[in-house]
Amino acid sequence: MKRLLTITAIVALGVGAGFYALAQQPYQLTPMDEAKRERAVSAGGGTYHVLPATLDTTQWGWLDPNEKPKLVVNSGDTVAVETMMHAHNAIQPGSTMDDIVKLRLANPGGGPHSVTGPIYVNGAEPGDTMEIRIKKIVPKAFATNFHLPGSQFPTVGQLAPEFPQGFVRYYYLDWEKRQAEFKPGITIDLQPFPGTIAVGVDPNEPAPKAGPPIKDAKGRTSTLRPWKNGSNMDVNELQEGSTLYIPVFLKGGLIWTGDSHCRQGNGEVNLTALECAYREIVIQPVVRKDLKIEWPRAETASHFIMMGFDEDLNEAMKIAVRETVKFLAEQKMVPMSRDEAYALTSMVGDCRVSQVVDVRKGVHCMVPKNIFVKK
């Protein structure tokens, strides 16, 4: 009898706890098509949308051309996009290296990045160029940097075999000062930019020369690599006030962003930057029917920037230099021949290694605007 009463009490406690848990759950809204949700908000002048980062509006490590748009906008609209930390926000202060390794292995072939989107831009068609103006970036409160155990991941990181144990550290971001303390005595100025910003995938992206397959069995493209559609470019010049130009491959353009960085050196040599998340990155996508490009380009207040990506760093350099020569030979400010453009690139072009850790390596060449003095 005593045993029966004990079992009954345990069952009653379990049922009661279940009802209590249900009672604590927030009210569940009826699922809806995110593209049909009205996300426009009141903001002085123009149309302004807000796209929060939720499990419904983000994807972990993959760009899926069949993913339904989470927002539909017109060319010239403004969008404030929230982003998550890696692995659907699983990496948080207190996450250990063991946790990070498990997350890396849980998504084979996919990137660690959480990407918010896609955003469908009305009127964008294959062959157009998507101009993305980065108007504002506001980070959240913390960031991390880590390198994976080189003993387990000997090709991930420029010196991976020399660091067999792995390492992770978390940092508070003082946005009022725009600084983070690396350790007592070393302060880092924050320079946030999106490590990953992409349009819909290139159907003709070539097979990989190295690393895991580009696509999975579902037809999704990994966020590990950069390519002509942008993606994991890690170009640290794409800060507030810059403009990115990317060729469009799919109807609507389909914009994603994530892998948010708050500071990164050229090369990103240990695998990660100062990895953070954004309370908002405010972008203005503009469909350009008049501009035809093959590779991503960018523009800051002081420079024109051309990019190249390849598994071979020398090939990436050739692509970036060729794109720079092409830009200079085609610009109308001061007409010049292709030979002159090649010479000018050699004299003033500043070609930098964007990153060496994303399977496809990146180079970006910067041409200063102040050389053009013709009135």
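The figures that follow rest on heavy atoms only: side chains count, while hydrogens, waters and symmetry mates do not.
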Supply the atom-to-atom distance [X] [atom1] to [Y] [atom2], rounded to the nearest 0.5 angstrom.
X: Met233; Y: Glu237; atom1: CE; atom2: CD; value: 12.5 Å
X: Met347; Y: Ile371; atom1: CE; atom2: CD1; value: 9.0 Å
X: Ile137; Y: Tyr278; atom1: CD1; atom2: OH; value: 4.5 Å
X: Glu299; Y: Glu131; atom1: CD; atom2: CD; value: 8.0 Å
X: Lys136; Y: Gln284; atom1: NZ; atom2: CD; value: 14.5 Å
X: Phe193; Y: Leu244; atom1: CZ; atom2: CG; value: 12.0 Å

For residues [X] and [Y], report the shortest heavy-atom separation together with the two atoms involved.
X: Asn266; Y: Val353; answer: CB-O, 3.2 Å
X: Val321; Y: Cys351; answer: CG2-SG, 4.1 Å
X: Pro226; Y: Gln355; answer: CG-NE2, 3.8 Å
X: Gly219; Y: Pro65; answer: O-CD, 3.8 Å
X: Gln92; Y: Asn89; answer: NE2-O, 3.0 Å
X: Val363; Y: Ala320; answer: O-CB, 3.6 Å

Side chains of [X] and [Y] only: does a donor on one sit below 3.5 Å from an acceptor on the other?
X: Ser260; Y: Thr83; answer: yes
X: His86; Y: Glu275; answer: yes
X: Asp234; Y: Ser354; answer: no
X: Glu67; Y: Trp256; answer: no
X: Asn122; Y: Asn74; answer: yes
X: Asp216; Y: Trp62; answer: no

Flag side-chain contact, heavy atom, 4.5 Å: [X] against [Y]:
X: Thr300; Y: Met366; result: no
X: Thr58; Y: His88; result: yes
X: Tyr172; Y: Pro93; result: no
X: Leu71; Y: Val81; result: no
X: Ile100; Y: Leu148; result: yes
X: Met306; Y: Arg322; result: no
X: Ile119; Y: Pro285; result: no
X: Val199; Y: Leu250; result: no

Indicate if [X] and [Y] have the same hydrophobic cluster label, given that clusters are the connected sets of ILVMFWY residues with side-chain heavy-atom separations under 4.5 angstrom.
X: Trp295; Y: Val235; answer: yes
X: Leu291; Y: Phe304; answer: no
X: Ile91; Y: Phe153; answer: yes
X: Val367; Y: Met333; answer: yes
X: Met130; Y: Ile293; answer: no

Measure the acute angle between the ring planes of Phe142 and Tyr170, then classify it against the limits of 30° and 60° as parallel, tilted or perpendicular.
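The arrangement is tilted - the two ring planes meet at 30° to 60°.
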Is the ring pair His147/Phe167 parallel, tilted or perpendicular, if the boundaries are 30 and 60 degrees?
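Judged by the thresholds at 30° and 60°, the geometry between His147 and Phe167 is parallel.
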Whether [X] side chain and [Y] backbone form a donor-acceptor pair below 3.5 Å:
X: Lys135; Y: Ala80; answer: no
X: Lys289; Y: Gly123; answer: yes
X: Thr116; Y: Glu82; answer: yes
X: Asp358; Y: Arg360; answer: no
X: Ser95; Y: Ala90; answer: yes
X: Lys140; Y: Cys276; answer: no
X: Glu315; Y: Asp310; answer: no
X: Ser222; Y: Gly109; answer: yes
X: Thr324; Y: Thr345; answer: no
X: Asn232; Y: Leu224; answer: yes

Step by step, would you call Asp56 with Lys70 a side chain to side chain contact (heavy atoms under 4.5 Å, CB included)?
CA-CA 8 Å; Asp56 291 324; Lys70 311 308 174 187; 5.8 Å; no
Intermediate values then yes/no, side chain to side chain contact (heavy atoms under 4.5 Å, CB included), Leu173 and Leu274
CA-CA 10 Å; Leu173 305 179; Leu274 187 60; 4.1 Å; yes
Does atom [atom1] ([X]) have a neighbourhood of more than 12 heavy atoms from anything else shown, all under 6.0 Å?
X: Lys102; atom1: NZ; result: no
X: Phe327; atom1: CZ; result: yes
X: Gln165; atom1: CD; result: no
X: Lys369; atom1: NZ; result: yes

Pair Tyr120, Leu254 - check side chain to side chain contact (heavy atoms under 4.5 Å, CB included), show working.
CA-CA 5 Å; Tyr120 185 103; Leu254 304 179; 4.0 Å; yes
Verdict with reasoning, Lys228 to Glu205, per salt bridge (Lys or Arg N to Asp or Glu O under 4.0 Å)
CA-CA 8 Å; Lys228 293 180 179 180; Glu205 183 172 354; over 6 Å; no
Pair His364, His303 - check side chain to side chain contact (heavy atoms under 4.5 Å, CB included), show working.
CA-CA 11 Å; His364 61 279; His303 287 83; over 6 Å; no
Candidate list Arg288, Lys292, Lys251, test salt bridge (Lys or Arg N to Asp or Glu O under 4.0 Å), partner Asp128, passing option
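So the option named by the test is Lys292.
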